[in-house]
Each structure stands twice: as structure tokens, then as C-alpha cells.
There are 2 protein chains.
Amino acid sequence: MFSIGQLSTKTGVKIPTIRYYEQMGLIENAGRSAGNQRRYDQAGLERLSFIRHARDLGLSIEHIRELVDLSRHPEQPCTHAHALAERHLLSVRARIAKLQKLEQELARISGLPDDGQVGSCNVIQALADHSLCKTSH
Amino acid sequence: MFSIGQLSTKTGVKIPTIRYYEQMGLIENAGRSAGNQRRYDQAGLERLSFIRHARDLGLSIEHIRELVDLSRHPEQPCTHAHALAERHLLSVRARIAKLQKLEQELARISGLPDDGQVGSCNVIQALADHSLCKTSH
DNA sequence: GTAATACCTCTAGTAACTAGAGCTACAAGA
DNA sequence: TCTTGTAGCTCTAGTTACTAGAGGTATTAC
């Protein structure tokens, strides 16, 4: 059994965040010590690691909740988990594509000559005028 | 002079968002009609377009506020605007790099065989175990 | 036994909006 | 001129995924 602080160190999830996950129902209400402090076992550690990793991969709390619920019914087909991973992959790809357009645009803006004063600043001009953009966004 | 609805149509910024920007001090308090409705002129339209474009490029409200403040002092050197654009470019590049790692990982997870039940689901396994990852995140 | 550290709950704050309630203004047609 | 429909007003609260702080209690080490 370990305390919330130890769990935090082991998983890299901050203490208030662990309490937040408990409140949101992502992890079960922890057992308590005689003095009302949370106590965790190996299973609790594993569930939190799962959540941590899924968050690192950018899944939303809602998506993770779906997966957690799924894993409570191990006899069901895992089509749903696959679909979720795939959907998320598509959304990550879309975000990358969008950011790459922004990158081009910012690189262009940043590369404009600095001719001195804000009054004629190319960066500010470029930000004011979308029609100067080379790509759509 | 146009109404908030017309301004919204022209710029593509939603009405509550315009009021929000006003509240945040990004745009000046608009003039009002006899009946207390907001009225905008060309200058107001241009400022909002500036903000819209900068937001589209992913700059934060705080960064935009800096640029707006800058543009109120046209005699200053525009080094600061350039620096801001460059800093933002770097952060966009960092985000892209991070997302690309996630993409690899999700593609790997998504491509795992579906062998039937959640109890042995590879997707859920992969999400639970960071050590299986091919890249760091 | 005492002091330092860790833990508890609760409320409120963050960014950048968005939604809704309850009310008023304006523009166009009869 | 009256009415009706659309547009606008303010204010409060909700969203996501936490984070910070106040004020108090447990646990641990010496």
C-alpha cells in the first residue's frame, strides 16, 4: 500500500490531478487509512499509469473514460477500443496538417525584413492582412 | 457604421466573442447607438480582422494584446513584433514534433491485431504499458 | 513529545470562449 | 402609427483539464 504522494512519484501524475481523476470517476475511490488518507495498491497504480499514458497520447478524459469502462467488461469485443484509437489517430493527423500550414505562414512572416518602426512593420502588416497569406487557414 | 452582427459577418468572429474581446480590452469599447447598441467603423473592423488572423495563426490573447499595444506606438522599433512571431514559430514547430511522435505511436497501436475480446485487447494493453512504446513522450 | 512533512477538503482561478435567461432596440410591412 | 420579427443588451454559469491557495489534520522521524 502506498500514499497519494508515493503514487504521484511512481506515475508522474501530480497529487491534485490524482484527486481530480478520482472526483471525475476515472479511478475508483481509494481506500483510506485510519486517519482518512488515501491508500493505493498495485491495481490502483496500474490504472493510473494507463490514464497517464493515454493522456500523454492526447486522448481526452471522455475517451479514456470509455476505455476504462470497456476494460471493466473484458468479455466484450475490442472493436470499440480499436475504433477509438483510429479516430484519435485521424484527429492527430489533422492537427499536424493544420499546424504545418501555420508553420509555413509564420516562417514567411518571421522572415520578412525588419525595416525599423512599428508603423511600417511587416509582421504587423502580415498579421492584419489575411489576403497576403500564401496558404489558407 | 455597422452593428455587431454586421461586424461579425464581415470578420467571421462570432458576436459573443466580439463582446468577449471588448471585455478583455483587446478592442476598444465600441461607440453606442441611442439605444445602447454597439456601432463600429472601418478602424474597428480592421482591428478585429487583425485579431482574427492572429488567433487563426494560434497566437494567444496575451500575445495579441502585446501586438495591439505595440501598434499603438508606431514610432517604436518593431524588433519586439519580430521576436514574438519567431518565438511563436518555434513553439508551433515543437508542437508539430510532439504530435508526430504521437502519430507514430497511435499508428502502431491502431495497427495491432484485434484478437477478439477486451480482456486481451492489444490497444488497451498498449495504452496501459508505456514501456512498449517505440518513441519517447 | 515535538517538529517537519504530507495529507485532507473546499473554493476559486486558468484560457478562450459558448450558452442561456430575461429584457430592449431597431427595421420593415400593414 | 402599430406591430411583429429579428437583432441586440447584460449577466451568470458552463466548458476542459487541471492548478493554486486557505485552513486544518495525519504521519513520521528524531
Side-chain angles (χ1 to χ4, degrees), chain A residues 1-27 29-41 44 47-48 50-68 88 91-92 95 98 102 137, chain B residues 1-27 29-41 44-45 47-48 50-68 84 88 91-92 95 98 102 137:
Chain A
M1 297 297 258
F2 20 85
S3 69
I4 196 168
Q6 291 168 319
L7 186 68
S8 169
T9 314
K10 281 174 204 284
T11 57
V13 178
K14 289 188 196 136
I15 292 172
T17 306
I18 297 174
R19 291 197 275 246
Y20 168 75
Y21 287 161
E22 181 181 304
Q23 201 188 319
M24 292 296 102
L26 272 194
I27 54 183
N29 284 9
R32 299 294 179 122
S33 73
N36 198 36
Q37 298 193 352
R38 289 170 179 81
R39 290 294 176 262
Y40 298 90
D41 57 8
R47 163 143 306 166
L48 187 58
F50 173 92
I51 294 168
R52 169 78 212 269
H53 192 201
R55 283 295 300 140
D56 274 355
L57 292 169
L59 278 84
S60 71
I61 295 279
E62 260 327 293
H63 281 170
I64 295 172
R65 196 199 308 278
E66 284 183 56
L67 290 172
V68 166
H88 191 62
S91 97
V92 166
R95 265 195 285 165
K98 201 171 167 212
L102 298 187
H137 45 251
Chain B
M1 298 297 257
F2 20 85
S3 69
I4 196 169
Q6 292 169 319
L7 187 67
S8 170
T9 314
K10 281 174 205 285
T11 57
V13 178
K14 289 187 195 137
I15 292 173
T17 307
I18 297 173
R19 291 198 274 247
Y20 169 74
Y21 287 161
E22 181 182 303
Q23 200 186 320
M24 293 298 104
L26 272 195
I27 53 182
N29 283 9
R32 298 294 178 122
S33 72
N36 198 34
Q37 300 193 350
R38 289 170 179 83
R39 290 294 175 263
Y40 298 90
D41 57 8
L45 173 65
R47 165 144 304 165
L48 187 57
F50 174 92
I51 293 169
R52 168 77 210 268
H53 193 202
R55 284 293 300 139
D56 274 355
L57 291 170
L59 277 84
S60 72
I61 295 279
E62 260 326 293
H63 282 169
I64 295 171
R65 197 199 309 278
E66 283 183 57
L67 290 172
V68 166
L84 216 147
H88 190 60
S91 97
V92 166
R95 265 194 286 163
K98 203 171 165 213
L102 297 189
H137 46 250

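Within every chain, numbering begins at 1; the chains are lettered A, B, ... in the order of the sequence lines, protein sequences first and strands thereafter.
Taking atom CD1 of A:Ile64 as the reference point, atom C1' of D:dC18 lies 13 Å away to the nearest angstrom. Distance, A:Arg19 CZ to C:dC8 P: 5 Å, rounded to whole Å. Rounded to whole Å, atom P of C:dT5 lies 17 Å from atom CD of A:Gln6. Rounded to whole angstrom, the span from the CG atom of A:Leu26 across to the C1' atom of D:dA17 amounts to 11 Å. To the nearest angstrom, P of D:dC18 lies 11 Å from CG of A:Leu48.
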Please tabulate the protein-to-nucleotide N/O contacts below 3.5 Å involving nucleotides 14-17 of chain C, giving atom names and distances.
from	atom 1	to	atom 2	distance (Å)
C:dA16	OP2	B:Ile61	N	3.4
C:dC17	OP2	B:Tyr21	OH	2.8
C:dC17	OP2	B:Arg55	NE	2.8

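A:Gln6 is linked by a side chain to side chain contact (heavy atoms under 4.5 Å, CB included) to A:Phe2, A:Ser3, counting only residues two or more places apart in sequence or in another chain. Judged as a salt bridge (Lys or Arg N to Asp or Glu O under 4.0 Å), and not counting sequence neighbours, B:Arg39 has no contacts. With sequence neighbours excluded, no residue satisfies side chain to side chain contact (heavy atoms under 4.5 Å, CB included) with B:Gln23.
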Could you walk me through whether B:Leu59 and B:Leu67 pass the side chain to side chain contact (heavy atoms under 4.5 Å, CB included) test, one step at a time?
-> CA-CA 10 Å; B:Leu59 277 84; B:Leu67 290 172; 3.8 Å; yes

Begin with the C-alpha distance, continue with both residues' side-chain angles, and end with the deciding distance and a verdict on side chain to side chain contact (heavy atoms under 4.5 Å, CB included) for A:Ser8 and A:Val13.
-> CA-CA 5 Å; A:Ser8 169; A:Val13 178; 5.7 Å; no

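Taking only side-chain atoms of B:Ile4, from C-beta outward, the nucleotide of C:dC7, C:dC8, D:dC9 with the closest atom is D:dC9. For A:Arg38, whose side chain is taken as the heavy atoms from C-beta onward, the closest listed nucleotide among C:dC7, D:dG8, C:dC8 is C:dC8.
Side-chain contact between B:Ile61 and B:Arg55: present, with at least one pair of heavy atoms (C-beta onward) separated by less than 4.5 Å.
Counting only residues at least two apart or in different chains, side-chain hydrogen bond (donor to acceptor under 3.5 Å, both in side chains) contacts with residues 9-21 of chain B are absent.
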Sugar-phosphate or base contact per nucleotide [nucleotides 22-30 of chain D; S, B, -; heavy atom under 4.0 Å] = ----SS---

